[in-house]
Number of protein chains: 2
Amino acid sequence: MTLGVREHVQESSRADILEAAANCFMERGYTETSIDDVARSLGATKGRIYHHFRSKADIFAEVFRVGMEMNYAAIERYRAMSDPVARWRHMAFAHAIQMITTKPFQRTVWVGVKMHLRGATTPEQRSVFAELIEYRTNYGNVFRETLVEGRESGDFRFDDLSIANQLMFVVLNSPIFWYSPRVGETRADIEDLARKVVTAAYRGLGGKEEQSTP
Amino acid sequence: MTLGVREHVQESSRADILEAAANCFMERGYTETSIDDVARSLGATKGRIYHHFRSKADIFAEVFRVGMEMNYAAIERYRAMSDPVARWRHMAFAHAIQMITTKPFQRTVWVGVKMHLRGATTPEQRSVFAELIEYRTNYGNVFRETLVEGRESGDFRFDDLSIANQLMFVVLNSPIFWYSPRVGETRADIEDLARKVVTAAYRGLGGKEEQSTP
DNA sequence: TGATGAACATACTACCGGGTATGTTGTCAA
DNA sequence: TTGACAACATACCCGGTAGTATGTTCATCA
């Protein structure tokens with residue numbers, strides 16, 4: 001379980017650029033972010049960026065990929081748990097923690113999904129993008145399957161699986177929109193936030209009254 | 001309670017432009033939407049648009065305002081209800097219906113809020129925008145106050161008011177991201193969707209087991 | 001009937017931003 | 001020592017877009 005950006009990117013200079021780009025994409029969106037913006041936030045110029053990446057879309061795709069890789073890594077150890085509710089709780093908590101601690105990357109993933117949904121990609125990017133979206137879809141399916149099992153076991157109560165899944169994810173993902181770090185914030189504070197988010201999502205799924213969260 | 005765009009915009013040509021613009025802003029976002037795009041979707045040219053609006057930002061602000069006006073109109077009749085839970089249920093349901101039926105305008109409001117949060121506005125637009133955001137904040141407070149009363153009466157159970165409010169809104173607003181109209185869809189189908197959304201939000205707030213929704 | 005203005009269309013300008021072509025500097029190996 | 005290459009910076013090109021300036025058409029009214 002390696003959650004940082006560094007562990008998922010080979011060269012240090014590339015990682016710096018990706019982090020800066022993720023921040024810009026989060027703050028200004030894809031189109032509003034110019035390569036010069038990213039360069040300026042690094043105290044550099046375009047030259048440096050185009051030395052490491054072929055295009056703006058290329059950078060974007062990399063940020064997306066790294067974001068998803070970190071998510072997979074975060075839930076990996078819980079995927080084999082037998083009890084669906086316990087599995088869901090652990091995965092949901094890990095997911096929420098990821099949304100908070102790697103917010104710029106997760107916002108970029110969000111932007112990417114929306115871009116793909118409206119087909120705002122060039123033909124060549126098309127295949128790369130499709131692969132990333134599939135990556136993300138598979139990740140979502142890990143949760144979805146857990147919802148199915150949880151409903152069968154009588155632990156969750158909802159009519160429509162797709163809607164329940166959508167609503168669950170908007171809650172678990174929501175910190176990428178409203179969370180902002182506080183001064184002097186500790187790991188415990190962040191975990192407390194994540195717990196509140198998981199609790200709300202759990203209740204929304206019609207889960208039984210709360211046990212403790214990891 | 002007038003929910004349509006026509007009832008909130010004086011001239012018909014202006015209303016047409018606003019509707020087309022709302023669709024474009026929803027599909028492509030603010031920056032990605034060119035004035036020519038909006039004009040083309042109307043079978044017209046820039047000339048028509050700049051005859052009715054002074055700038056792109058001006059159109060955007062109008063779409064925002066109309067979107068919010070429709071929302072206010074939708075919940076108006078329920079605001080005076082004494083029972084907080086019943087009030088919340090009616091307002092939440094009306095809100096969810098609005099998210100579904102006026103999706104392009106509501107997505108534009110969403111985009112506008114995000115733009116303001118990152119300060120992507122020019123100085124003059126600044127005051128207009130601030131006013132719109134305040135408009136939206138007041139709307140949110142109507143719900144927030146209901147949450148406070150509902151918690152005091154023991155009907156809702158949550159620790160943090162701000163977080164509960166955030167999570168409630170992301171659920172109620174979520175249809176603007178995942179809803180898309182089906183062929184042959186009836187009003188009853190839409191109300192059924194809204195009911196599911198409201199139920200999930202209600203549960204997330206720690207509401208008691210369900211009565212019927214309006 | 002002709003003058004006037006609303007409601008557009010057309011033609012043009014200025015600028016911004018992605019991408020490229022070409023320097024410049026430091027490092028390392030032969 | 002040099003030459004070769006990585007790792008950038010600088011200078012430039014060019015397509016797209018907000019905004020403007022200037023037609024054009026049609027209805028209305030004196």
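Chain naming here is simple, since letters A, B, ... match the order of the sequence lines and numbering starts at 1 in each. Nothing here was measured: the structure is a model prediction, and the numbers come from that model.
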A cation-pi test, strictly: NZ or CZ of B:Arg89 under 6.0 Å from the centre of the six-membered ring of B:Tyr202 and no more than 45 degrees from its axis. Yes or no?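 Cation-pi check for B:Arg89 and B:Tyr202: passes.
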Think A:Lys56 forms a cation-pi with A:Tyr30, using NZ or CZ under 6.0 Å from the six-ring centre and within 45 degrees of its axis?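 Because its charged atom sits under 6.0 Å from the ring centre and within 45° of the axis, A:Lys56 does stack over A:Tyr30.
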Side-chain donor-acceptor pair present, B:Ser13, B:Asp16, cut-off under 3.5 Å: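 Result is no, nothing qualifies.
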A:Tyr179 backbone acceptor or donor facing A:Lys103 side chain under 3.5 Å: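 Checked: pair present.
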Aromatic ring pairing A:Phe169/A:Tyr139, orientation class (parallel under 30°, perpendicular over 60°, tilted between):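 It falls in the tilted class, 30° to 60°.
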Nucleotide interval of DNA chain D bounded by contacts with chain B (heavy-atom cut-off, under 4.0 Å):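 With heavy atoms of chain B under 4.0 Å away, the range is D:dT17 to D:dT20.
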Would you say the side chain of B:Leu147 lies within less than 4.5 Å of the side chain of B:Arg151, judging by non-hydrogen atoms?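 No, too far: nothing below the 4.5 Å cut-off.
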May I ask you to evaluate whether B:His51 reaches the phosphate of C:dA7, defined as a side-chain N or O under 4.0 Å from OP1 or OP2?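 So the side chain of B:His51 is within the cut-off, an N or O lying under 4.0 Å from OP1 or OP2 of C:dA7.
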Note: B:Glu27-B:Arg107 ion pair, threshold 4.0 Å (strictly below):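 Looking at B:Glu27 and B:Arg107, the cut-off is not met.
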Could you tell me whether A:Lys46 and A:Asp36 make a salt bridge, using a distance below 4.0 angstrom between a side-chain N and a carboxylate O?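 So A:Lys46 pairs with A:Asp36 through a salt bridge.
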How many whole angstroms separate atom [atom1] of [X] from atom [atom2] of [N]?
X	N	atom1	atom2	answer
B:Ile49	C:dC8	CD1	P	11 Å
B:His52	C:dA7	NE2	P	6 Å
B:Ile17	C:dA7	CD1	C1'	10 Å

Check DNA chain C against residues 24-45 of chain B and give the residues with a non-hydrogen atom under 4.0 Å, in numerical order.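 Contacts with DNA chain C under 4.0 Å: B:Ala44, B:Thr45.
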